[in-house]
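This report refers to the structure that appears directly beneath it.
Heads up: numbering here begins at 1 and tracks the sequence.
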Amino acid sequence: MAVPAGPRHPHAYSILLLTLLYKALATAATASACSHLRPQDATFSHDSLQLLQDTAPSPPQLCPQHNAPCSFNHTLLDTNNTRQAAKTTLDVLQHLFKILSSPSTPDHWIDRQRQSLLNHMQRYTQHLEQCLAHRDMRSHTRGPRSLHLSLNKYFSCLRTFLQDNNYSACAWDYIRREAHDWFLHIHNLTGNTRT
C-alpha cells in the first residue's frame, strides 16, 4: 500500500499555512492586548479611588454607622493563580458596575464624574475579558465555585440593602465605602495578574 504523497489539492499547503499564520496573528494580537494591561494594572485602583472620591462626596447629613449588613470572607480572594485573580477582578468589577450605574444614585453625587468612573471600569473590564478569552483558549480551568457564589450573594445583599433603605443618601454612602474597599482589594488582585 502506497503512502499518500501529500494533499491532493495543489493549494492545500498554502491554505494550511495561511490558516496557521492567521491563528498566530490573532493570538499575538490578543497577547498584545493583554500586555497593555500591565501598566494599567498598576494605576487602575488608584485612578478608580480618585474617580470614586470625585463622584461621591460625603453625604450632606451625618449618617448613622451601619453594622455591616453584608459580609464577605475576604480570605477567599487570596490566590497565587493569575487567571483566578483576573477572573475575580472581572466578577467584582461587573458587580460594582451594576450597582454604581443605577439611576437611583443620590442627588449630591456628581453624575459627570460617575460616568467617568463607569467608563474607566468598563474599559478595564473589556481588557480583562479579552485576556481571559485568550487564556481560556489555552486552558479551561475554572475558579472556585464558593468564591463565585459568595461574590454573588454579597453583591445581591448590597443591592437589597439599597432597596430596603429606599436608595437613601446614607445607604449610598455605605455603598461608596464598600466600593472603596473593593478597589483596594482589586489592587491586590491585579498585583497577581502582572507577570
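A distance of 9.5 Å separates CG of Leu77 from OG of Ser150, quoted to the nearest 0.5 Å. How far CD of Gln163 is from CZ of Arg159: 10.5 Å, rounded to the nearest 0.5 Å. Residue Arg123 holds its CZ atom at 11.0 Å from CG of Leu118, rounded to the nearest 0.5 Å. In this structure, the separation between CG on Asp173 and CH2 on Trp109 is 8.5 Å, given to the nearest 0.5 Å. To the nearest 0.5 Å, atom CD of residue Gln113 and atom CD of residue Gln53 are 11.0 Å apart. Between Arg176 atom CZ and Cys170 atom SG the span is 11.0 Å, to the nearest 0.5 Å.
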- [ ] Go through the steps to decide whether Phe183 and Leu51 satisfy the test side chain to side chain contact (heavy atoms under 4.5 Å, CB included), and finish with yes or no.
- [x] CA-CA 11 Å; Phe183 285 126; Leu51 286 167; over 6 Å; no
- [ ] Evaluate side chain to side chain contact (heavy atoms under 4.5 Å, CB included) for Thr89 paired with Thr125, printing each intermediate quantity in order.
- [x] CA-CA 9 Å; Thr89 299; Thr125 297; over 6 Å; no
TODO: Show your reasoning for whether salt bridge (charged side-chain N to carboxylate O under 4.0 Å, His left out) applies to Asp181 and Arg177.
DONE: CA-CA 6 Å; Asp181 291 347; Arg177 286 179 285 148; over 6 Å; no
Open item on the list: Please evaluate residues Ile175 and Leu158 with respect to the criterion side chain to side chain contact (heavy atoms under 4.5 Å, CB included), reporting the C-alpha separation (whole Å), side-chain torsions for both, the decisive distance (0.1 Å), and the verdict.
Closed with: CA-CA 7 Å; Ile175 297 300; Leu158 289 181; 3.9 Å; yes
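Side chain of Asn119 to main chain of Gln115: a donor-acceptor pair is present (N/O by atom type, distance under 3.5 Å, no hydrogens or angles). The closest donor-acceptor contact from the side chain of Thr105 to the backbone of Ser101 lies at 3.5 Å or more, if one exists at all. Panel note: side chain Asn81, backbone Gln84; a donor-acceptor pair is recorded below 3.5 Å.
For the residue pair Gln50/Asp54, the side-chain donor-acceptor check at 3.5 Å is satisfied. For Asn73 and Thr75, the side-chain atoms include at least one donor-acceptor pair closer than 3.5 Å.
Residue Asp107 places its CG atom among 12 or fewer non-hydrogen atoms of other residues, nucleotides or ligands, all under 6.0 Å distant.
Residue Met121 comes nearest to Leu100 through the heavy atom pair SD-CD1, 4.2 Å, listed as atom of the first residue, atom of the second, then distance. Residues Ser45 and His187 approach most closely at OG-N, 3.0 Å, considering heavy atoms. Here the closest non-hydrogen pair linking Leu189 and Ala85 is O-CB, 3.5 Å. Closest approach of Ser104 and Trp172 over heavy atoms only: O-NE1, 2.9 Å. Contact record, Phe161 with Cys70: CB-SG, 4.5 Å, taken as the closest heavy-atom pair.
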Review item, side-chain donor-acceptor pairs of residues 90-97, under 3.5 Å, at least two apart:
residue : atom : partner : partner atom : Å
Asp91   : OD1  : Lys87   : NZ           : 2.7
Gln94   : NE2  : Glu129  : OE2          : 3.3
His95   : NE2  : Asn152  : OD1          : 3.0

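Using a 4.5 Å heavy-atom threshold, the side chains of Tyr124 and Ser48 count as separate. No side-chain heavy atom of Leu151 sits less than 4.5 Å from a side-chain heavy atom of Leu76.
With sequence neighbours excluded, the residues satisfying side chain to side chain donor-acceptor pair (under 3.5 Å) with Trp182 are Tyr154. Here His74 pairs with His185 under the side chain to side chain donor-acceptor pair (under 3.5 Å) rule; sequence neighbours left out.
His120 and Phe44 have parallel rings, their planes meeting at less than 30° on a 0 to 90° scale where 60° marks the start of perpendicular.
Placement of Tyr167 and Ile110 in two distinct hydrophobic clusters is found when ILVMFWY residues are connected by side-chain heavy-atom separations under 4.5 Å, directly or transitively.
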